[in-house]
There are 2 protein chains.
Amino acid sequence: MDAAVVMRKFNRFYARCIGVLVEPHLDTGRPLGPSRVLFEVGPDGVRVADMRRRLGLDSGYLSRLLRRLQHEGLVTVTPDPTDGRQRVVHLTPAGRHERHHLDRKSEESGRRLVGSLSERRQTELATALTTAERLLRAATVDVDIVDPRSPQARSALAQYFGELDDRFPNGFDPGDDGAASTVLRAPGGAFVIMHSDGVAFGCGGVQRIDEVTGEIKRMWISPDWRRLGLGARLLTGLENTARELGYTCVVLDTNATLVEAIAMYERAGYRPIERYNDNPYAQRWFTKDL
Amino acid sequence: MDAAVVMRKFNRFYARCIGVLVEPHLDTGRPLGPSRVLFEVGPDGVRVADMRRRLGLDSGYLSRLLRRLQHEGLVTVTPDPTDGRQRVVHLTPAGRHERHHLDRKSEESGRRLVGSLSERRQTELATALTTAERLLRAATVDVDIVDPRSPQARSALAQYFGELDDRFPNGFDPGDDGAASTVLRAPGGAFVIMHSDGVAFGCGGVQRIDEVTGEIKRMWISPDWRRLGLGARLLTGLENTARELGYTCVVLDTNATLVEAIAMYERAGYRPIERYNDNPYAQRWFTKDL
DNA sequence: CACGGTCGCTGACCTTAGTCAGCGACCGGT
DNA sequence: ACCGGTCGCTGACTAAGGTCAGCGACCGTG
């Protein structure tokens, strides 16, 4: 069973189902475009530029879509106080309500679709779709360079530190993380996050050791997304980033308790070396030529 | 895990993947509409009306799409020799080639999408998608009344007879099926097929016994599609058909070897009765008031 | 404070998808 | 030979999605 062939077949089939699933949008009197935007706003508001990138829309087109929603009283578009060029979209109470309403209708139409299946078959379907989504997300994951102080980066780092604190025998103290993170930026450093639809589930950084050597730091994949080969992809991404920063060699350190990570480094061609820093949490050190 | 909620989530996610999967169509210089039509033609040609029903397109719109393809030299549209109103679409060699080419590109883009997953994960994805498609098809199956002499009906009946021949201890001889099938038509009778995207995987008929009694005949579900509750849905469909034909009661006979069928009849409220016909293959007889 | 670059907005424009009414050709039944 | 109905086609129209160039406001850097 070839996955690509199955994909194609499924896709051809699913294109028809979509007609049914899109139906609920139709009797809102609103075309699909604005509805998609409405969903993308989310509870905490979103910057217009971010949304544009995520939905892959043209700047002018999105601007019009937003104005329409604004005109309907569903969203507010206000200037970003921290950056006068950007604008931030928020849902109004009416927008929140409309979104919720749409959600309910969409769920209802899904329920009608699967309604003829027995309870057991419905569960089977849900499991299959969840698995498919998980794997497809893993396959289509994005790796982007971001500022380590950005909310997304901070959220990923917080999860990372939390996990280290749980796993290390004596806990983990990130120390002055704010200062430490500033080295994970240009020039000489970078911080990347791995995400799908804006939800970060992995991160990692590169910082300068010397002219030709970069260090890979803070590499982490969320526990929910492990064992999908994402670690190796993230590592490759970080190596490419290091190469673009001009390094010809990378080093990294790790704790002996992180056995999966160590195995992955070895698979990726890393060689163990002597201690090169005074990181109190480090017990293993590796290097690789780029 | 609620299947409807999972559906909604999956759908929202999959809407984005489609962008990638649709991409190969884009650099053909042909929009999606014509491509869909091209795929629907199939190797043996298809009647325009059938295609219109299957794709759910407007008559005028389809006419234009076909003319475009005709103009590109990909299809021929010729009058149906058996019915001067209808027209039949066939692929030209160039059309066949183009279709194949598109198929390859689409598969390639699917492969690129899943390429980053390990072999094992790809298999897992293929399995999940196959399961999901199977269940969704079962949930969205169409039941239509057709002429029992139509190709679809004949194909379903041939499979049915073949299976009976395998399962009955002394084989099965349909006798003069052509003549027998004519009673499964209006007035007084009907023949329905169960299908998804035009591929029949179930059938059944109603014929007249007397003024108030219909008989359910030739009920069959393809082995690949059993244990999904489709038998019960088909039976309900046939009962509704019988009701619409004016019957207040239905009867049916069956062979003792068809144990799944017998169990289903009992679950559906059928009561065993005495032999009411001289069908040599029948060993059980049932009835139900509508 | 000048400059290159980014951001969102606007107007003009285009393609695609789809709808609808009406028409002539043709079929089956009477 | 007629009649109701079906089939495919045509012209006219609309909505939706999307693209593009250009503009003014604004940012960070030198």
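Residue numbering restarts at 1 for every chain, and letters A, B, ... go by the order of the sequence lines.
- Within a heavy-atom distance below 4.0 Å of DNA chain D, no residue of residues 44-51 of chain A is found.
- A 4.5 Å side-chain heavy-atom check between A:Y247 and A:I209 finds every atom pair outside the cut-off.
- Evaluation of the side chain to side chain contact (heavy atoms under 4.5 Å, CB included) rule for A:D142 yields A:D144, A:H195 as partners, not counting sequence neighbours.
- Every residue meeting the side chain to side chain contact (heavy atoms under 4.5 Å, CB included) condition with B:A94, not counting sequence neighbours, appears here in chain and number order: B:L74, B:T92.
- The stretch residues 82-91 of chain B touches DNA chain C through B:D83, B:G84, B:R85, each having a heavy atom within less than 4.0 Å of the strand.
- Comment: A:R104 does not engage A:E108 in a salt bridge, judged by the lack of any side-chain N to carboxylate O separation of less than 4.0 angstrom.
- Across all strands shown, A:R67 has heavy atoms under 4.0 Å from sugar-phosphate atoms exclusively, and none from any base.
- When atom types are taken as modelled, the side chain of A:T140 and the backbone of A:L136 share a donor-acceptor pair closer than 3.5 angstrom.
- The backbone N or O of B:V48 sits nowhere less than 3.5 Å from a side-chain atom of B:R87 that would complete a donor-acceptor pair.
- For the salt bridge (Lys or Arg N to Asp or Glu O under 4.0 Å) condition, the pairs that include at least one residue of residues 89-102 of chain A, sequence neighbours left out, are A:R30-A:E98.
- Taking the side chain to side chain contact (heavy atoms under 4.5 Å, CB included) definition, one finds that B:D50 meets it with B:V46, B:R47, B:R53, sequence neighbours left out.
- Partners of B:D147 by side chain to side chain donor-acceptor pair (under 3.5 Å), not counting sequence neighbours, listed by chain and number: B:R185.
- Residues passing the side chain to side chain donor-acceptor pair (under 3.5 Å) test with A:N240 are A:R243, sequence neighbours excluded.
- The span of DNA chain D lying next to chain B, judged by atoms under 4.0 Å from heavy atoms, is bounded 5' to 3' by D:dG5 to D:dA12.
- Residues meeting the side chain to side chain donor-acceptor pair (under 3.5 Å) test with A:T213, sequence neighbours left out: A:D210.
- Checked against side chain to side chain contact (heavy atoms under 4.5 Å, CB included), B:R64 has the following partners two or more places apart in sequence or in another chain: B:R67.
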Heteroatom pairs (N/O) under 3.5 angstrom, protein to nucleotides 14-17 of chain C:
| unit_1 | atom_1 | unit_2 | atom_2 | d |
| --- | --- | --- | --- | --- |
| C:dA17 | OP1 | B:L32 | N | 3.4 |
| C:dA17 | OP1 | B:G33 | N | 3.0 |
| C:dA17 | O5' | B:Y61 | OH | 3.4 |

